[in-house]
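Counting starts at 1 for both ligands and their atoms, following the listed order. For the numbers below, each heavy atom of this structure counts, side chains included, while hydrogens, waters and symmetry mates do not. Nothing here was measured: the structure is a model prediction, and the numbers come from that model.
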Amino acid sequence: MREAKPTTRTTTPKRFHLSSVRELHTGVGSARDAGASVNYTRAPAWIQFEPDGDAVVAVAGGCPVARWDVRGNTVDVAALARETRAESSSSRDAASPSSLLVSIREDTRGKRQGHAVSLNETNGTNGHTPFVSRALVLGFHSAREAREARATLCARSSAAKKDFDTFANGRTTRDDDDAPKRKSTAVTAEDDLFTRKIDIGSAERYFSYYASLAEQQNMLQDRVRTGTYFTAILEHRAAFEGAIVMDVGAGSGVLSCFAALAGARRVYAVEASDMADHCARLVASDARLRDVVKVIKGRVESEATRREILEDLSKGVSKSQLTDSRVFDVLVSEPMGTMLLNERMIESFLIARDVFLKPRGGAMFPRAARMHCAPYEDAALRDEIENKAAFWTCASAKDFYGIDVSVLGDAARKAVFAQPVVDAFDPAILLAPPATFEFDFSRKKKQTLMTSELSAAETSIEETRSASGAFALAAEHLESLRLEADFVMHRGGAVHGVAWWFDVEFDVRRPGGEPGPHRRFLTTAPGAPTTHWFQIRAPIRDEYGVLERVEKNTRLSVATTMAAGSDQSYAVTSRLEVLKAPFKGSTPGTRREPNAALGSWNLKDPYYRQLHWPQPGYTQAQTERWYGDETT
Ligand code: SAH
């Protein structure tokens with residue numbers, strides 16, 4: 001699946017929930033790192049510094065929702081924070097803005113300059129520039145509380161009023177007007193693992209998108225996608241025969257139908273959008289399906305969904321009502337978005353696993369996914385992106401009806417480079433063999449426990465294979481990822497960014513964990529038949545020309561963070577560093593040339609460069625080209 005290009009308007013979250021922020025990390029070097037820092041919090045909101053350290057931006061759901069110009073700031077943010085904190089903790093009565101959250105963090109290694117976020121550009125040793133960073137983040141639960149909070153704040157600091165108004169008026173109070181008048185079936189107010197992390201407005205748009213037959217058609221007509229699922233399910237007939245199966249996010253119900261054709265005893269087609277009604281009609285019209293597939297309209301995370309399934313399952317059982325829902329033999333789903341994780345539906349698939357899959361012997365279909373990335377060179381694309389901002393940067397921008405709009409040139413360039421590019425490209429543009437990160441969806445066997453600090457993706461495919469038991473990837477692990485890769489350039493060239501693609505693997509592992517006989521991949525790799533996901537490229541601005549000429553065999557390290565947002569998407573940042581051999585005779589502490597470039601991208605707002613894709617037949621030769629002997 002792949003959600004349609006959202007408009008700019010719909011990417012802006014209506015609410016700014018910081019209510020459950022527990023920690024706010026403002027990473028060392030974040031200001032120095034030219035705005036590429038995403039400060040992850042468990043709640044989908046964070047702050048980031050603008051490159052020059054002149055401003056602090058609060059981001060929710062991947063979108064900037066407030067910006068504080070802290071250059072020569074006269075607002076004493078620390079005092080403001082202290083007062084507000086005192087206010088909210090001293091009186092717990094209903095009138096106090098108890099949910100107002102103010103968080104400040106200060107790094108005092110640099111020289112303090114008033115209350116501003118400031119950079120102290122003295123040379124650091126070991127490559128770190130000391131700096132002072134401080135930030136103020138305000139959040140609240142509801143429009144009512146926002147109003148109360150604002151009143152309190154405004155009474156306290158008229159200087160803060162302007163900043164706060166921008167924030168509160170621009171965002172939360174607008175909730176009142178924009179609040180959906182109609183309750184959707186998909187997004188009820190029920191408190192569960194979905195509603196806790198996803199903005200209701202985002203979810204409403206998301207499920208109304210999938211309620212459209214045209215959008216389901218778009219996915220169904222992706223032959224690589226649908227054909228691979230069909231083949232994989234029927235090839236694994238042994239796992240489906242007589243099985244209880246769940247189709248997580250059934251859409252039109254196509255995968256439920258395949259499971260029924262493969263011999264499933266009972267299939268629960270769980271679909272949150274109104275597409276569930278079409279799905280029910282489709283199933284009812286076919287005698288092979290109607291007694292097997294049961295459509296459940298609801299979110300897979302919802303307790304109501306679980307109860308409805310338990311009730312239905314209990315019908316066939318003579319004993320009293322079932323209480324444990326972990327009776328499913330197979331969970332099938334197509335939860336992948338661009339860059340694999342967009343839409344955050346894999347989290348739903350994993351949550352469903354924990355609630356419904358048999359503790360022993362249950363199969364996840366797909367069993368695993370892998371992300372791949374590699375640096376690329378594409379000067380034409382780079383120029384095309386630059387050109388999008390040309391209106392602001394070209395010579396005539398200095399006199400646009402007498403106004404100099406070129407002052408916004410840098411911001412415009414930044415904005416166009418923040419859009420990841422979605423299209424299919426020739427793999428010849430890749431400058432190094434790709435790095436791979438594996439996400440194993442299957443249930444944990446023994447313990448190779450991942451801590452929350454250790455991102456899922458840090459466990460390489462090799463480690464996963466060799467580990468005594470596969471690790472358990474949990475939904476929370478996908479809230480914040482750090483993906484680190486080291487490349488060796490297989491040819492020299494300019495690094496214009498990082499290209500990403502993914503694949504999923506269908507397999508039922510043998511008891512020893514070895515791949516089964518029918519292991520199959522659905523790949524979105526460049527050079528393989530194009531899918532509706534295409535590939536995705538993160539273009540780098542490279543202001544200092546660090547990546548303009550990188551020689552063959554040079555090592556290039558790419559550290560990428562992905563921070564999930566309440567808009568069902570991610571803020572992505574990458575730091576690309578050319579690892580040059582040190583100069584002969586260089587002494588530690590010597591100032592080195594800049595050798596890194598940074599970029600940040602909003603996965604919710606991509607540039608769809610290509611809207612149609614060819615649909616060639618899917619050939620074994622192409623699979624082998626990408627996976628070599630893995631498929632044999
Ligand atoms: N399985 C179908 C549709 C895939 S698109 C196919 O392969 O063609 C993903 C579907 O999952 C969408 O229809 C979407 O509405 C649904 N979905 C996404 N998150 C869900 C959730 N948490 N609970 C139930 N359905 C969900």
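Asp440 and Ser442 are linked by a side-chain donor-acceptor pair at a separation below 3.5 angstrom, with hydrogens and angles left out of the test.
Listed for the Gln216 side chain is a donor-acceptor partner under 3.5 Å among the backbone atoms of Tyr210.
Under 4.0 Å is where a charged nitrogen must lie from a carboxylate oxygen, and between Arg299 and Asp192 at least one such pair does. Remark: Arg266 engages Asp312 in a salt bridge, criterion side-chain N to carboxylate O under 4.0 Å.
The proximity of Ser348 to ligand 1, defined as any non-hydrogen pair under 4.0 Å, is limited to the side chain. Residue contacts with ligand 1 for Glu343 are absent, since no atom lies close enough (heavy atoms, distance under 4.0 Å). The residue Tyr229 has no part lying near ligand 1, judged by heavy-atom distances below 4.0 Å. Residue contacts with ligand 1 for Ala211 are absent, since no atom lies close enough (heavy atoms, distance under 4.0 Å).
Ranking protein heavy atoms by distance to atom 23 (N) of ligand 1, first place goes to Val300 N, 3.0 Å. In this structure, atom 9 (C) of ligand 1 lies nearest to the protein heavy atom Met1 SD, 3.1 Å. The protein non-hydrogen atom at the shortest distance from atom 18 (C) of ligand 1 is Met345 SD, 3.4 Å. Regarding atom 22 (N) of ligand 1, its nearest protein heavy-atom neighbour is Glu301 OE1, 2.9 Å. From the protein, the heavy atom lying nearest to atom 2 (C) of ligand 1 is Ala250 O, 3.2 Å.
Checking each of Trp500, Trp501, Phe502 against Trp533 for a ring pair (Phe, Tyr, Trp, His ring centres under 6.0 Å) leaves exactly one that passes, namely Phe502.
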Test side chain to side chain donor-acceptor pair (under 3.5 Å) on Ser273 and Glu271; report intermediate values, then the result. CA-CA 6 Å; Ser273 79; Glu271 171 58 42; 2.7 Å; yes
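Below 4.0 Å from some heavy atom of Val254 lie the following atoms of ligand 1, by number and element: 6 (C), 7 (O), 8 (O). Of all atoms in ligand 1, listed by their number and element, those nearer than 4.0 Å to a heavy atom of Met219 are 5 (S).
Taking only nitrogen or oxygen atoms, main chain and side chain alike, Glu334 does not reach within less than 3.5 Å of ligand 1. At under 3.5 Å, a nitrogen or oxygen of Ala272, whether backbone or side chain, sits near a nitrogen or oxygen of ligand 1. Of the N or O atoms in Gly249, one or more lie within a sub-3.5 Å distance of an N or O in ligand 1.
Checked against the 6.0 Å centroid criterion, the rings of Tyr268 and Phe356 do not qualify as a close aromatic pair. Note: Phe365 and His236 meet the aromatic proximity criterion, with ring centroids under 6.0 Å apart. You'll find the ring centres of Phe349 and Phe441 inside the 6.0 Å limit.
Within the set Gln216, Arg299, Arg225, the minimum heavy-atom distance to atom 6 (C) of ligand 1 is found for Arg225. Between the choices Phe349, Tyr210, Phe207, the shortest heavy-atom distance to atom 26 (C) of ligand 1 belongs to Phe207. Residue Glu271 holds the heavy atom nearest to atom 13 (O) of ligand 1 of all those in Met275, Glu271, Glu347.
Residues meeting the side chain to side chain donor-acceptor pair (under 3.5 Å) test with Arg306, sequence neighbours left out: Glu303, Ser325.
Between Thr305 and Val300, the shortest heavy-atom distance links the atoms CG2-CA, 4.4 Å.
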